[in-house]
Amino acid sequence: MTPSKTILTDDFGRKHNYLRISLLEKCNLRCTYCMPADGIALSPKASLMTAEEIFAIAQTFVENGVDKIRLTGGEPLLRKDFPEIVLKLSTLEISLSITTNGILIDRHIEVLKQAGIKKINLSLDTLVALKFHSITLRNQFEKVIDNLHLLLNHDFQVKVNVVLMKGFNDNEIVDFINLTESLPISVRFIEFMPFAGNEWDRSKMVSQKEILSQVEECFNLNKIQKLEDEKNFTARTYRIKGFQGDFGIISSITNPFCDSCNRIRLTANGKIKNCLFSNSETDLLTAFRNGESITELISASVKSKKKVRSGMVTISEMDDPKLHFDNRSMIAIGG
């Protein structure tokens, strides 16, 4: 019997065709907004999904309507069996992409091409080498920049993810946009979001309004083009006339896009998170290892998804740490 594709439709009519799979909780950087200063307690290796389990669980999602999968982490390219995982997944009828910090791209460029991956999200929060070290605690800035150009030279479609934090990199907004003059990239400014251990408060956040204010101060208003937003968009996108690339704003806090959300997340230890801000999770891996069907678990998780930000409707609710600080750290969720 053909599986029903309604199991990925929630009570608000949103169809979830986009699965983000975290491959591991480890990273070769220590970005403060992603990983707590003291690190995190890693899941035991035995509790992480194997390559075979990742493929089989992903296949169940695809059978029920998922047609887009993104591999995240931690840093997904750190997994020794990354080539096996990505090549297995490439046999499914999906659009396959990854999010990476870029450090290991040169080692995996050929397998990425072999797997038919065309879209890469590269995390880069500053264009200043000293600031890069200050937030990541690693001296890998030049490597990331080199690998960004390597991806472009091999015709990958690259989005550069920039998490903005007031007093750290909010003075680089225009510098990042100027990159799009000569490079065919999409820069995406992401509002700083609250997760366990990242010491979030609203004063550190750079809002969509503040970003656009800077843009309007530095570029002639008739040169700023609002582009048509993609279906199920996360970023509201713009281009400076004459520039090769574009830029977008992901405003999960000040201007959320929950109405069109089509995303569901699978953590490295096999648990569904139906919303990035959700404290609750559904364990698929245990059921799968016990030989049980996971479709009903998937359906229940999707059906329980709240309309907006896991029930936090207003920004003032985001200010209440009791509502979100028992969520995982970002590194343990997957980007």
Quiz item: Can Ser123 and Asn101 be said to form a side chain to side chain donor-acceptor pair (under 3.5 Å), step by step?
Solution: CA-CA 5 Å; Ser123 299; Asn101 60 33; over 6 Å; no
Exercise. Let me see the working for Thr100 and Glu75 under side chain to side chain donor-acceptor pair (under 3.5 Å), right down to the final yes or no.
Key: CA-CA 6 Å; Thr100 174; Glu75 170 49 48; 2.9 Å; yes
Quiz item: Please walk me through it: do Ile120 and Gln157 pass side-chain contact (heavy atoms from CB on, under 4.5 Å)?
Solution: CA-CA 6 Å; Ile120 307 283; Gln157 299 172 40; over 6 Å; no
Quiz prompt | Test log, rule salt bridge (Lys or Arg N to Asp or Glu O under 4.0 Å), inputs Lys307 and Asp259 | solution = CA-CA 7 Å; Lys307 187 175 183 179; Asp259 285 349; 5.3 Å; no
Practice problem: Apply the test side-chain contact (heavy atoms from CB on, under 4.5 Å) to residues His16 and Phe61: give CA-CA distance (whole Å), side-chain angles for both, the deciding distance (0.1 Å), then the verdict. | Solution: CA-CA 10 Å; His16 295 72; Phe61 277 94; over 6 Å; no
Practice problem: Quick one: do Phe189 and Asn161 satisfy side-chain contact (heavy atoms from CB on, under 4.5 Å)? Show the steps, please. | Solution: CA-CA 6 Å; Phe189 299 114; Asn161 289 345; over 6 Å; no
Practice problem: Apply the test side chain to side chain donor-acceptor pair (under 3.5 Å) to residues Asp125 and Asn169: give CA-CA distance (whole Å), side-chain angles for both, the deciding distance (0.1 Å), then the verdict. | Solution: CA-CA 7 Å; Asp125 300 314; Asn169 60 353; 5.0 Å; no
Quiz prompt | Test log, rule side-chain contact (heavy atoms from CB on, under 4.5 Å), inputs Asn178 and Val174 | solution = CA-CA 6 Å; Asn178 281 333; Val174 172; 3.6 Å; yes
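Across every non-hydrogen atom of Arg79 and Leu23, the tightest pair is NH1-O, 2.9 Å. Annotation for Leu92 and Gln59: closest pair CD2-CG, 4.1 Å, computed over non-hydrogen atoms. Nearest heavy atoms, Met205 versus Glu210: O-OE1, 3.7 Å. Annotation for Arg14 and Lys306: closest pair NH2-O, 2.8 Å, computed over non-hydrogen atoms. Here the closest heavy-atom approach between residue Lys303 and residue Thr9 is recorded as NZ-O, 3.0 Å. Taking every heavy atom of both residues into account, Ser22 and Gly74 meet most closely at OG-N, 4.5 Å.
In this structure, Glu230 places its CD atom where only 12 or fewer heavy-atom neighbours from other residues, nucleotides or ligands lie under 6.0 Å away. With a 6.0 Å radius and a threshold of 12 heavy atoms from other residues, nucleotides or ligands, Gln225 has its CD atom above the threshold. The environment of Lys226 atom NZ is dense: over 12 non-hydrogen atoms of other residues, nucleotides or ligands sit within 6.0 angstrom. More than 12 heavy-atom neighbours from other residues, nucleotides or ligands sit within 6.0 angstrom of CG on Leu221. Other residues, nucleotides and ligands place no more than 12 heavy atoms under 6.0 Å from the NZ atom of Lys15.
In this structure, Asp283 CG and Lys271 NZ are separated by 4.0 Å, a value rounded to the nearest 0.5 Å. Summarising the geometry, atom CG belonging to Asn64 is positioned 12.5 Å from atom CG belonging to Asn17; distances are rounded to the nearest 0.5 Å. For the atom pair CD1 (Ile173) and CD1 (Ile211), the distance works out to 5.0 Å, reported to the nearest 0.5 Å. Atom CG in Asn269 sits 6.5 Å away from atom CG in Leu48 (nearest 0.5 Å). Within the model, atoms CD1 of Ile272 and CG of Leu285 stand 11.5 Å from one another, a figure rounded to the nearest 0.5 Å. Between the CZ atom in Phe132 and the CG atom in Leu137 there is a gap of 10.5 Å [rounded to 0.5 Å].
Checked by atom type and distance alone, the side chain of Glu172 pairs as donor or acceptor with a backbone atom of Leu127 at under 3.5 Å. With Ser90 contributing its side chain and Leu87 its backbone, the two residues share a donor-acceptor pair below 3.5 Å. In this structure, the side chain of Asn290 does not engage the main chain of Glu292 through any donor-acceptor pair within 3.5 Å.
In the hydrophobic cluster analysis, where Ile, Leu, Val, Met, Phe, Trp and Tyr join through side-chain heavy atoms closer than 4.5 angstrom, Val128 is grouped apart from Leu122. Note on Tyr238: it does not cluster hydrophobically with Leu227, by side-chain heavy-atom contacts below 4.5 Å among ILVMFWY residues. Tyr18 and Leu89 end up in different hydrophobic clusters when Ile, Leu, Val, Met, Phe, Trp and Tyr side chains are linked at under 4.5 Å. Under the 4.5 Å side-chain heavy-atom criterion for ILVMFWY residues, a single connected hydrophobic cluster contains both Ile103 and Leu150. Follow the hydrophobic side-chain contacts under 4.5 Å out from Phe233 and you reach Ile190 in the same cluster.
Taking a cutoff of 4.0 Å between a charged side-chain nitrogen and a carboxylate oxygen, Glu53 and Arg289 qualify as a salt bridge.
Put simply, the side chain of Arg107 does not reach to within 4.5 Å of the side chain of Leu77, judged on heavy atoms. In this structure, Val215 and Ile177 have side chains that are in contact, with non-hydrogen atoms separated by less than 4.5 Å. Side-chain contact between Leu19 and Ile21 is present, with at least one heavy-atom pair separated by less than 4.5 Å. Looking at heavy atoms from C-beta onward, Arg236 lies in side-chain contact with Asp229 at the 4.5 angstrom threshold. When side chains are defined from C-beta on, Phe141 does not count as touching Thr136, because their heavy atoms never get closer than 4.5 Å. For the pair Leu152/Pro184, a side-chain contact is recorded, criterion being any heavy-atom separation below 4.5 Å from C-beta on. Counting heavy atoms from C-beta on, the side chains of Ile98 and Thr72 never come closer than 4.5 Å. Contact check for Phe82 versus Leu104: no side-chain heavy atoms found under the 4.5 Å cut-off.
Checked against Ser97 for a side chain to side chain donor-acceptor pair (under 3.5 Å), the options Lys159, Lys119, Arg70, Lys118 give a single hit: Arg70. When each of Thr282, Thr60, Asn274 is tested with Ile298 by the rule side chain to side chain contact (heavy atoms under 4.5 Å, CB included), just one qualifies, namely Thr60.
At a cut-off of 3.5 Å, with distance as the only test, no side-chain donor of Thr180 or Gln244 sits close to an acceptor on the other residue. Side-chain contact annotation: Glu281 with Thr267, donor-acceptor N/O pair under 3.5 Å absent.
A cation-pi arrangement is present between Lys131 and Phe168, with the terminal nitrogen or guanidinium carbon under 6.0 Å from the aromatic centre and inside a 45° cone about the axis.
Relative ring orientation between Phe219 and Phe243 is described as perpendicular, the plane-to-plane angle rising above 60° on a 0-90° scale split at 30° and 60°.
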